[in-house]
A.B. asks: 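One structure, pasted below without further comment.
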Amino acid sequence: MTDLREIVAAAVQEAVVAVTGESIPLPQVEDPPRPEFGDLAIPAALELGRKLGRPPRQLAEELVAYLRDRETEGVRRWEIAGPGYLNAFFDRGYVLRRLMDSLLQSQSESESATAMGPKVVVEHTSINPNKAAHIGHLRNSVLGDSLVRLLRHQGVPVEVHNYIDDTGVQVADVVLGFADLMGLDAEAVRAMPDPFDYACWDLYTEVTARLKSDERLAARRREVLLALERGTGTEAEVGTVVVERIIRRHLATMARLGIEYDLLVHEADIISMDLWSAAFERLKASEYVYFADEGDHAGCWMMRLSGVAGFEDLEQPDKVLVRSNGAATYVAKDIAYHMWRYGELENPFSYREFDVSADGHVTWQSGAEGEQMPFGGADRGASVIDVRQEYLQSIVAFAVAIMDPDGRTDRHTHFDYEMVALTPKTAKTLGIPLTSEDQGRPFVEMSGRRGLGVKADDLLNVLEERAGEEVGKRNPDLSDGERKALAVQIAIAAARYFLVKFNRKTVIAFDLDEALNFEGETGPYLQYAAVRTSSIFELMRQRWGVSVEDAVRTVLSTQGPGGESSSGAVSAVDVKGELEPLSLDQIRDLLEEEENDMLWVLALQLGRFDRVVDLAVQSSEVSVIAKYAFTLAQDFNRLYHRYPILQEDDRTKRGVRLLLAYALRLRLQQAMSLLGIPVPERM
RNA sequence: GCGCCUGUAGCUCAGUCAGGAUAGAGCGUCGCACUCCGGAUGCGAAGGCCGCAGGUUCGACUCCUGCCAGGCGCACCA
């Protein structure tokens, strides 16, 4: 079904040709700021007037005269306003009818839809496996997971990767802590009680602090790092246990928010399975990779970036890929991973199951042994990584582009976002010590190294507790189990919404009070609106003995747009005279009454759903969905007070309001599901 | 120093990419609301030289230039 906007734009385009003889591209269509300016506004005459040296207003008169002589689908009348806008006013009955039809249709389609087309890999989370996840990591995972949901909604096959950096100094530091500070071996570390990631959080901070002054410990760190890289010895054993246990904790934390992964890629495997050496062979053949014989980087293999667009202003643009001691850098390993991800290297991995979730989803991990699986080899992909890694990621993207036989530069995207920081006030209330320098700042960056941050599980625990209190107050009849289950859903909503409501270039200065608020622009507000729609429908079923689906079918059971009888599924059922089929004229007349402008505004809002999803995907901006969902919920809550459904006696009013409430619930639920926010039965 | 990002109401943010009609939300403050489909709600009020200065334009929060302020990045760390 063609969008009405396109139809209107095409009509104006045709009018321009007819009136002026000028051919123009499809004109821009805007949403007018106020209802009296109609439903769509086209500023074409403004632009054209300047180009032709004619008064825009006069030009607009001629265009409108032309348009008024003809039928444009869905348009009831044209007007001119302001400096020369063309304002189109829809046939409100027709548009609502059309909206309902497409909703019912998309509902039945989505049930049978299977993903088609080239595969896309989305990599997110990728937390260093040496400590508990904090709320900054949560922003990454929630953004990444929402992106995955958006793409899947659009029918794109998505594979979710979580890159595990298990060879770096971060892991070495914690291993050092266990081995030297605590004197534990692998078995003892394996036997430690949970929360293991919390223990590592503290240990990591302690080791970092001691390393500053303890020369002997610093020397030991180099030994541990070497042992980890070789993969042999007791320290390597401890390292394996630490990584495995921490990842299980990370996945458990993310599972609380409904976030799952298809594949964990271990960085250690990239070396041990010779993925790096294969990548290196390919890279060496490139004009961009060379061996440095002299200078600061003597003995290193370098990537040549001087003269490459985007790197030209750097003092030393070239980047080390292989250190003079022969070890590959992080960027080098990341490049190898990306080349494999996009099918430019043969697959060296086998795969084992890492975990199976409650709903049966399997998370696999790379390794030397196991099964063959069709992972990697994607056509396109995105890596969700915070903006501080922009420089490194641009190198990775550059390498992907030069290794692509087709020379594509757009197949890999760095989905960048700003960090989550703490307001000094929140840090203080959480008992986190700050330097006097920090206290003067607008916000304080979280740091695993300094142990400075709010752990993800702590936030979720506090949210669940708070939600539990509220639920208990409102629903004293619920059992403990029911109350907890509800509190979990509300906590998910609060956390996820809070992390996506800001656009990704905004530094979130985390404020605990704000995050714990369940009123206003929050996840629970969305849930509340959805729950209210459901409870209206439930009450209707009790009073009238009719499901909302049957009720909607009844109201729609006359003819569809264009006069013919619409989709066969639509037929009336017995609703005991509480509802009746409504004609297009009845719906239109009702919606055109001024007191029903708010209903009409909601109908228009509902019609924007697909465009909003497109915009969110194109701009990689999840906040667009969050704002849209909030607007829907807000519209509904306003309507709820002004336009009762069950208590309305007029059956025309009742019917139209029911249609809108039904459409709203559907769209709101869809938007919430894109954000990973559950819709409770009650709350 | 160079590069990137940000600056909008007391606070936290939309709107800037595609210039246009009276710049919008939430929180906070003050006041109010249904014997009614749920008050995690709704309604109203107060609160804005859209960082500053130029420029382009019929028209600038939006584009361009300069400046000011804040953040981040520019490792043989990841």
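So that the names make sense, note that chain A is the first sequence line, chain B the second, and so on, each numbered from 1. Worth knowing before you read on, the calculation uses all heavy atoms, side chains too, and leaves out hydrogens, waters and symmetry mates.
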A.B. asks: How is A:Pro43 classified with respect to the nucleic acid when contacts are heavy atoms under 4.0 Å: base, sugar-phosphate, or nothing?
C.D. replies: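 Contact class for A:Pro43: none.
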A.B. asks: Answer yes or no: side-chain N or O of A:Ser324 and base N or O of B:C76 forming a donor-acceptor pair under 3.5 Å.
C.D. replies: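 Present.
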A.B. asks: Determine the interatomic distance between P on B:A45 and the same-named atom on B:G24; round to the nearest Å.
C.D. replies: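 These two P atoms come out 13 Å apart once rounded.
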A.B. asks: Rounded to whole angstrom, note down the P distance from B:C17 over to B:C64.
C.D. replies: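 Taking atom P in both B:C17 and B:C64, they lie 9 Å apart.
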A.B. asks: Looking at A:Arg543 and A:Glu578, is any side-chain nitrogen of the basic one under 4.0 Å from a carboxylate oxygen of the acidic one?
C.D. replies: no
A.B. asks: Just checking A:Ala327: base, sugar-phosphate only, or nothing, at a heavy-atom cut-off of under 4.0 Å?
C.D. replies: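 It contacts nothing in the nucleic acid.
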A.B. asks: Taking atom P of B:G3 as reference, at what distance in whole Å does atom CD of A:Gln389 sit?
C.D. replies: 23 Å
A.B. asks: Using purine N1 to pyrimidine N3 plus N6-O4 or O6-N4 for Watson-Crick, or N1-O2 and O6-N3 for G-U wobble, both under 3.5 Å, which nucleotide pairs with B:G10?
C.D. replies: B:C27
A.B. asks: Taking the side chain of A:Glu36 as its heavy atoms from C-beta onward, which of B:C37, B:U22, B:U41 lies nearest to it?
C.D. replies: B:U22
A.B. asks: Under 4.0 Å between any heavy atoms, over every strand shown, what does A:Ser623 touch: base, sugar-phosphate, or nothing? Just pick one.
C.D. replies: nothing
A.B. asks: Hey, are A:Arg657 and A:Glu648 close enough for a salt bridge, meaning a charged N less than 4.0 Å from a carboxylate O?
C.D. replies: yes
A.B. asks: Could you tell me whether a side-chain N or O of A:Ser623 sits under 3.5 Å from a main-chain N or O of A:Ala626, the two making a donor and an acceptor?
C.D. replies: no
A.B. asks: Does A:Glu595 come within less than 4.0 Å of A:Arg642, counting only side-chain N to carboxylate O?
C.D. replies: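 A salt bridge is absent here (no side-chain N lies under 4.0 Å from a carboxylate O).
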A.B. asks: Give the nucleotide from the list B:G38, B:U41, B:G73 with an atom nearest to the side chain of A:Val531.
C.D. replies: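 The answer is B:G38, which lies nearest to the side chain.
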A.B. asks: Measuring to OP1 and OP2 of B:C43, would you say a side-chain N or O of A:Arg642 lies under 4.0 angstrom away?
C.D. replies: no
A.B. asks: At under 4.0 Å, does any side-chain N or O of A:Arg388 touch on OP1 or OP2 of B:C5?
C.D. replies: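 For A:Arg388, the contact criterion (side-chain N or O under 4.0 Å from OP1 or OP2 of B:C5) is not met.
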A.B. asks: Under 4.0 Å from OP1 or OP2 of B:G26: is there any side-chain N or O of A:Gln634 that close?
C.D. replies: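 Indeed, a polar side-chain atom of A:Gln634 lies that close.
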A.B. asks: Within 45 degrees of the axis of the six-membered ring of A:Tyr204 and under 6.0 Å from its centre: does A:Arg449 put its NZ or CZ there?
C.D. replies: no
A.B. asks: Is any side-chain nitrogen or oxygen of A:Thr506 closer than 4.0 Å to OP1 or OP2 of B:A14?
C.D. replies: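 Yes, A:Thr506 has a side-chain N/O under 4.0 Å of OP1/OP2 on B:A14.
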A.B. asks: Does a side-chain N or O of A:Arg441 approach OP1 or OP2 of B:G71 to a distance below 4.0 Å, or not?
C.D. replies: yes
A.B. asks: Return the nucleotide paired to B:G38: Watson-Crick means purine N1 to pyrimidine N3 with N6-O4 or O6-N4, wobble means G-U with N1-O2 and O6-N3, both under 3.5 Å.
C.D. replies: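 Pairing partner, where one exists within any strand: none, as none qualifies.
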A.B. asks: Between A:Gln28 and B:A18, is there a contact of a side-chain N or O with OP1 or OP2 at under 4.0 Å?
C.D. replies: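 Answer is no, no contact under 4.0 Å.
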A.B. asks: What is the nucleic acid contact for A:Glu445, judged by heavy atoms within less than 4.0 Å: base, sugar-phosphate only, or nothing?
C.D. replies: sugar-phosphate
A.B. asks: Are A:Tyr628 and B:A25 close enough that a side-chain N or O sits under 4.0 Å from OP1 or OP2?
C.D. replies: no
A.B. asks: What nucleic acid atoms does A:Pro83 come within less than 4.0 Å of, heavy atoms only: base, sugar-phosphate, or nothing?
C.D. replies: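 It contacts nothing in the nucleic acid.
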A.B. asks: Which part of the nucleic acid, if any, lies within reach of A:Phe37 when heavy atoms closer than 4.0 Å are counted: base, sugar-phosphate only, or nothing?
C.D. replies: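 Here A:Phe37 touches the bases of the nucleic acid.
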A.B. asks: Of A:Leu646 and A:Pro33, whose nearest nucleotide on RNA chain B comes first from the 5' end?
C.D. replies: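 Its nucleotide being nearer the 5' end, the pick is A:Pro33.
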A.B. asks: Mind checking if A:Asn503 touches a base, just sugar-phosphate, or nothing, with heavy atoms under 4.0 Å?
C.D. replies: sugar-phosphate
A.B. asks: Which whole number of Å gives the distance between the P atom of B:G59 and that of B:U22?
C.D. replies: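 These two P atoms come out 16 Å apart once rounded.
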A.B. asks: Output the rounded distance in Å from CG (A:Leu59) to C1' (B:C58).
C.D. replies: 15 Å
A.B. asks: What's the gap between B:C27 and B:G47 when it is taken at their C1' atoms, as a whole Å value?
C.D. replies: 14 Å
A.B. asks: Mind checking A:Ile645 for me? I need base, sugar-phosphate or nothing, with any heavy atom below 4.0 Å counting as a touch.
C.D. replies: base
A.B. asks: With heavy atoms under 4.0 Å as the rule, sort A:Val471 into base, sugar-phosphate or nothing.
C.D. replies: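 Base, at least one base heavy atom under 4.0 Å.
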A.B. asks: Counting only side-chain heavy atoms from C-beta out, which of B:A21, B:C37, B:U41 sits nearest to A:Pro32?
C.D. replies: B:A21
A.B. asks: Could you give the distance separating B:G15 and B:A21 at their C1' atoms, to the nearest angstrom?
C.D. replies: 15 Å
A.B. asks: Under 4.0 Å, counting only non-hydrogen atoms across every strand here, what does A:Tyr643 touch: a base, just sugar-phosphate, or nothing?
C.D. replies: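 Base contact - A:Tyr643 has a heavy atom under 4.0 Å of at least one base atom.
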A.B. asks: Could you check whether A:Ala81 gets within reach of a base, just the sugar-phosphate, or nothing at all, counting any heavy atom under 4.0 Å?
C.D. replies: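 Contact class for A:Ala81: base.
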A.B. asks: Would you indicate what A:Ala298 reaches in the nucleic acid, counting non-hydrogen atoms under 4.0 angstrom: base, sugar-phosphate, or nothing?
C.D. replies: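 Base, at least one base atom sits under 4.0 Å.
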A.B. asks: Answer yes or no: does a side-chain N or O of A:His297 lie under 4.0 Å from OP1 or OP2 of B:C76?
C.D. replies: yes
A.B. asks: Say we look at B:G10 and B:G73: how far apart would their C1' atoms be, to the nearest angstrom?
C.D. replies: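 It works out to 33 Å between them.
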A.B. asks: Provide the distance between the two C1' atoms, one in B:C49 and one in B:U12, to the nearest whole Å.
C.D. replies: 22 Å
A.B. asks: When the distance from CD1 of A:Ile625 to P of B:A14 is rounded to whole Å, what number comes out?
C.D. replies: 16 Å
A.B. asks: In whole angstrom, give me the gap between the C1' atoms of B:A53 and B:A60.
C.D. replies: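 Here B:A53 and B:A60 have their C1' atoms 15 Å from each other.
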A.B. asks: So which nucleotide from B:A21, B:G70, B:C72 ends up closest to the side chain of A:Pro442?
C.D. replies: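 From the listed options, B:G70 comes nearest.
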A.B. asks: Checking contacts here: which listed nucleotide (B:A18, B:G42, B:U12) is nearest the side-chain heavy atoms of A:Arg638?
C.D. replies: B:G42
A.B. asks: Hey, is the side chain of A:Tyr640 poking within less than 4.0 Å of OP1 or OP2 on B:G38, counting only N and O atoms?
C.D. replies: yes
A.B. asks: Once you round it to whole Å, what is the distance between C1' of B:U12 and NZ of A:Lys425?
C.D. replies: 11 Å
A.B. asks: Looking only at side-chain atoms of A:Leu615, point me to the closest of B:A18, B:C76, B:G42.
C.D. replies: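 The listed nucleotide nearest to A:Leu615's side chain is B:A18.
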A.B. asks: Heavy atoms only, 4.0 Å cut-off, all strands: where does A:Phe518 land among base, sugar-phosphate and nothing?
C.D. replies: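 It contacts base atoms.
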A.B. asks: Of all the choices, B:G38, B:G26, B:C76, which nucleotide is nearest to the side chain of A:Phe630 once you look at every atom?
C.D. replies: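 Within the option list, the nearest is B:G26.
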A.B. asks: Look at the side chain of A:Val320 and decide which nucleotide, out of B:G26, B:U41, B:C76, has an atom nearest to it.
C.D. replies: B:C76
A.B. asks: Which nucleotide in the set B:C5, B:C37, B:A75 lies at the smallest distance from any side-chain heavy atom of A:Lys505?
C.D. replies: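 Closest nucleotide to the A:Lys505 side chain: B:C5.
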A.B. asks: Report yes if a donor N or O on one partner sits less than 3.5 Å from an acceptor N or O on the other, where the partners are the side chain of A:Arg34 and the base of B:U22; otherwise report no.
C.D. replies: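 Answer yes: a donor N or O sits under 3.5 Å from an acceptor.
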